[in-house]
**Q** 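Take a look at the following structure, please.
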Amino acid sequence: MKQYLATVKMMCAAVLLVTVVLAGCSTSSSLDVAGQPQAKSVTILAVNDMHAALDNFPRLASMVDELRETYPDLLLVSAGDNQTGNPANDQYPEKGMPMIELMNALEFDLSAVGNHEFDSGLAGFEHITHKANFEFLAANIEPPSDTDFRIKPYTIIETNNGLRVAFLSLLDINANGVPDTHPDNVKGFKFNDPLQTVQQYLFLKDKNDVLVMVNHLGFEEDVKLANQLPANTVDLIIGGHSHTKVESEQIHNGIMITQAERRLKYASLIQLTVNPDGAVDQQQQLLTVAKDGETRADIQAVVDGYNTNPALTETIALAEDDFSSYEEIGYLVTDAIRTEAKTDIALINAGGVRIANLAKGPVRTRDVYEIDPFGNEMVLFNLTGHELRDLFLFAYAFDGNKPIYPSGITARYTLNSDQNLKDIEFFTMNGKPLAMDKTYSVIMNNYMASVYKYDHKDPGQGLFRPTAEAAIDYLKALKKIPSYRGVQRVEM
Amino acid sequence: MKVFVNDKKVVIFHGAKVVDVVRAYYVKYDKKLPSSMPVVRDAYGNSIALDGELKDENRLYIPS
């Protein structure tokens with residue numbers, strides 16, 4: 001017997017025990033045989049942070065089908081970040097549409113707006129909100145007035161057994177007052193404080209049987225929110241953003257909080273039972289999705305189509321010469337991210353380039369993902385020449401005596417007789433010594449930003465854009481890649 | 001951004017994910033970076049994926 005079917009039976013049994021009726025747990029009527037009011041229930045399957053995990057959809061589809069046999073009114077919801085994390089989706093000609101089409105096929109009821117929904121760009125996300133057959137929710141955002149985003153603060157679903165279930169959603173805002181996405185993606189949007197915004201919508205509980213929040217705030221923020229809410233206002237918080245795996249029951253201030261990690265490894269099966277006195281009982285179980293099990297053939301066929309979509313194999317640029325070393329490819333990548341990030345300097349660690357050869361001729365999207373397969377993202381710093389020197393000094397030893405590949409500057413390493421780095425000098429691309437007291441904008445990947453230990457005043461700002469995607473966009477614009485044969489930006 | 005690992009402060013770039021903070025913690029406190037990352041939990045005992053997104057003042061716990 002499958003784990004989730006066992007769970008379904010367990011939850012049905014629990015509801016029956018509570019309601020002391022013999023009717024099926026999802027189709028109970030409002031009065032029992034003695035004419036007394038009885039409990040009613042609603043069942044929700046919740047996922048979050050799917051991040052374009054297309055390959056798990058055939059399995060999810062099969063699971064949803066079987067659950068709907070038991071719970072015809074099953075509500076299927078996402079707590080946001082449906083997008084970003086799979087080239088088959090992210091590089092699709094209509095960026096992000098594979099996920100939307102799959103969510104439509106499974107008949108999702110609604111989705112929170114996660115920060116990565118904005119990764120499709122302003123026009124792209126606006127387009128997606130119209131292509132989705134489900135509703136996007138976010139109460140604390142105000143789209144630009146000249147746009148037509150189909151996003152609502154809340155929605156109300158009435159189940160066949162007469163329950164009115166209100167869903168309300170909040171999106172996390174970072175220290176800069178915007179969600180964690182590239183700033184260009186949210187131009188013109190206004191974002192309001194989520195914990196203040198919720199106060200405007202607590203009336204929903206008065207007019208409905210159940211109020212469920214589907215948030216993209218992160219688990220700790222959801223706990224903070226639950227602890228500040230008045231009693232008996234919100235019945236359940238379905239969360240996302242922090243990729244938290246909530247296995248054991250988490251109830252804070254009487255409010256159950258769920259989250260199912262990410263990428264469709266898991267889903268939360270939740271049952272809310274409204275008792276005749278209005279009190280709401282909550283039950284949840286974490287189900288495993290991403291394991292062997294039945295899959296739905298029609299959904300598998302659709303996913304197979306996305307995984308072989310031509311965008312992954314199309315030529316994005318032509319290399320005019322062979323690349324035959326990690327250094328040459330590293331310089332190409334740093335030129336790419338420096339151009340895309342519009343900075344003075346770009347840096348890539350030696351380990352950040354995974355292939356040493358790229359043949360003359362067509363360069364494809366998949367080649368870039370082979371060069372840079374880690375999903376690293378760009379991080380922006382403002383560093384003085386002295387801070388840059390300290391970074392290089394630390395990195396040389398940390399990276400096993402391998403130099404950093406730079407763009408925008410060249411470097412001369414001076415080694416001791418024992419091959420340790422004694423000093424380093426920087427030069428502009430014109431060969432002049434770099435002004436060490438000046439501050440430069442420097443782009444690097446998040447690995448370097450997290451492991452290099454050196455004194456620097458600017459803590460850095462993530463740009464929420466993968467280095468590989470930046471390189472792809474750069475090469476598409478470049479069209480012809482010049483020869484890097486003999487290019488030498490590091491002298492030792 | 002300020003995050004705590006095993007109740008020790010780690011200052012890191014805004015937008016850092018769980019894996020970034022854990023790596024920075026190892027380096028800052030002169031510990032060897034492990035070949036595979038440990039299970040990371042929050043203050044409530046839940047495990048968190050390494051690509052989980054963080055807020056200022058979040059607290060993470062790893063086996064010491």
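The sequence lines fix the lettering, A, B, ..., with proteins before strands; numbering per chain opens at 1.
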**Q** Residue by residue, scan residues 444-453 of chain A and write down, ordered by number, those that have a heavy-atom distance under 4.5 Å to chain B; if none do, write 'none'.
**A**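 When heavy atoms of chain B are the reference, residues 444-453 of chain A contributes Asn446(A), Tyr447(A), Ala449(A), Ser450(A), Val451(A), Lys453(A) within the under-4.5 Å range.
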**Q** Please look at Lys55(B) and chain A and tell me whether the side chain, the backbone, both or neither of the residue comes under 4.5 angstrom of a heavy atom of that chain.
**A**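 Contact with chain A: side chain only.
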**Q** Can you tell me which portion of Asp20(B) sits under 4.5 Å from chain A's heavy atoms? Options are side chain, backbone, both or neither.
**A**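 For Asp20(B), the contact with chain A is made by backbone and side chain together.
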**Q** Check whether His116(A) gets within reach of chain B through its side chain, its backbone, both or neither, counting any heavy atom under 4.5 Å.
**A**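 For His116(A), the side chain is the part near chain B, not the backbone.
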**Q** Given the options Leu217(A), Leu463(A), Asp81(A), Asn115(A), which has more heavy-atom pairs under 4.5 Å with chain B than any of the others?
**A**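 That would be Asn115(A).
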**Q** Determine, stepwise, if the pair Glu377(A) / Lys17(B) fulfils side-chain contact (heavy atoms from CB on, under 4.5 Å).
**A** CA-CA 10 Å; Glu377(A) 294 183 355; Lys17(B) 294 181 179 171; 3.2 Å; yes
**Q** Below 4.5 Å, heavy-atom pairs only: which of Asp42(B), Val18(B), Val11(B), Asp56(B) has the largest tally toward chain A?
**A**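 Highest number of heavy-atom pairs under 4.5 Å: Asp42(B).
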**Q** Heavy-atom pairs under 4.5 Å with chain B are the metric here; pick the option from Gln250(A), Arg263(A), Glu261(A) that has the most.
**A**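 Going by pairs under 4.5 Å, I would pick Gln250(A).
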**Q** Taking only residues at least two apart or on different chains, which pairs with a member in residues 23-64 of chain B satisfy ring pair (Phe, Tyr, Trp, His ring centres under 6.0 Å)?
**A**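 Counting only pairs at least two positions apart or across chains, the ring pair (Phe, Tyr, Trp, His ring centres under 6.0 Å) contacts touching residues 23-64 of chain B are Phe219(A)-Tyr44(B), His252(A)-Tyr44(B), Tyr25(B)-Tyr29(B).
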**Q** Measure distances from Phe394(A) to the heavy atoms of chain B and classify the residue's part below 4.5 Å as side chain, backbone, both or neither.
**A**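 Contact with chain B: side chain only.
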**Q** Count the heavy atoms of every other residue, nucleotide or ligand shown that sit under 6.0 Å from CG of Asp455(A), and state whether that count exceeds 12.
**A**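 It does not: Asp455(A) CG has 12 such atoms or fewer within range.
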**Q** Can you tell me which portion of Glu221(A) sits under 4.5 Å from chain B's heavy atoms? Options are side chain, backbone, both or neither.
**A**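 Only the side chain of Glu221(A) comes within 4.5 Å of chain B.
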**Q** Looking at Arg59(B), is its backbone amide N or carbonyl O close enough to the side chain of Glu220(A) to form a donor-acceptor pair, meaning the two atoms are under 3.5 Å apart?
**A**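 Present.
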**Q** Output, in order, the C-alpha distance, side-chain angles, deciding distance and verdict of side-chain contact (heavy atoms from CB on, under 4.5 Å) for Ile48(B) and Lys245(A).
**A** CA-CA 6 Å; Ile48(B) 315 174; Lys245(A) 181 181 172 187; over 6 Å; no
**Q** Yes or no on side-chain contact (heavy atoms from CB on, under 4.5 Å) for Leu380(A) and Phe13(B), after CA distance, side-chain angles and deciding distance?
**A** CA-CA 9 Å; Leu380(A) 174 65; Phe13(B) 61 90; over 6 Å; no
**Q** Do other residues, nucleotides or ligands put more than 12 heavy atoms under 6.0 Å from the NZ atom of Lys28(B)?
**A**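 More than 12 within 6.0 Å, yes.
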**Q** By a 4.5 Å heavy-atom criterion (distance strictly below it), what part of Val379(A) contacts chain B: side chain, backbone, both, or neither?
**A**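 Interface part for Val379(A): side chain.
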**Q** Which value, rounded to the nearest 0.5 Å, describes the distance between Arg262(A) atom CZ and Leu50(B) atom CG?
**A**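 So the gap between those two atoms works out to 7.5 Å.
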**Q** Pick one of side chain, backbone, both or neither for Ile257(A), based on which atoms fall under 4.5 Å of a heavy atom in chain B.
**A**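 Neither part; nothing is under 4.5 Å.
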**Q** If we ignore angles and hydrogens, is there a donor and acceptor under 3.5 Å between the side chains of Asn174(A) and His14(B)?
**A**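 No - no donor-acceptor pair under 3.5 Å links their side chains.
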**Q** Using distance alone, with no hydrogens and no angle criterion, decide if Glu247(A) and Asn46(B) have a side-chain donor and acceptor under 3.5 Å apart.
**A**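 There is no such pair (donor and acceptor under 3.5 Å, judged by atom type) between the side chains of Glu247(A) and Asn46(B).
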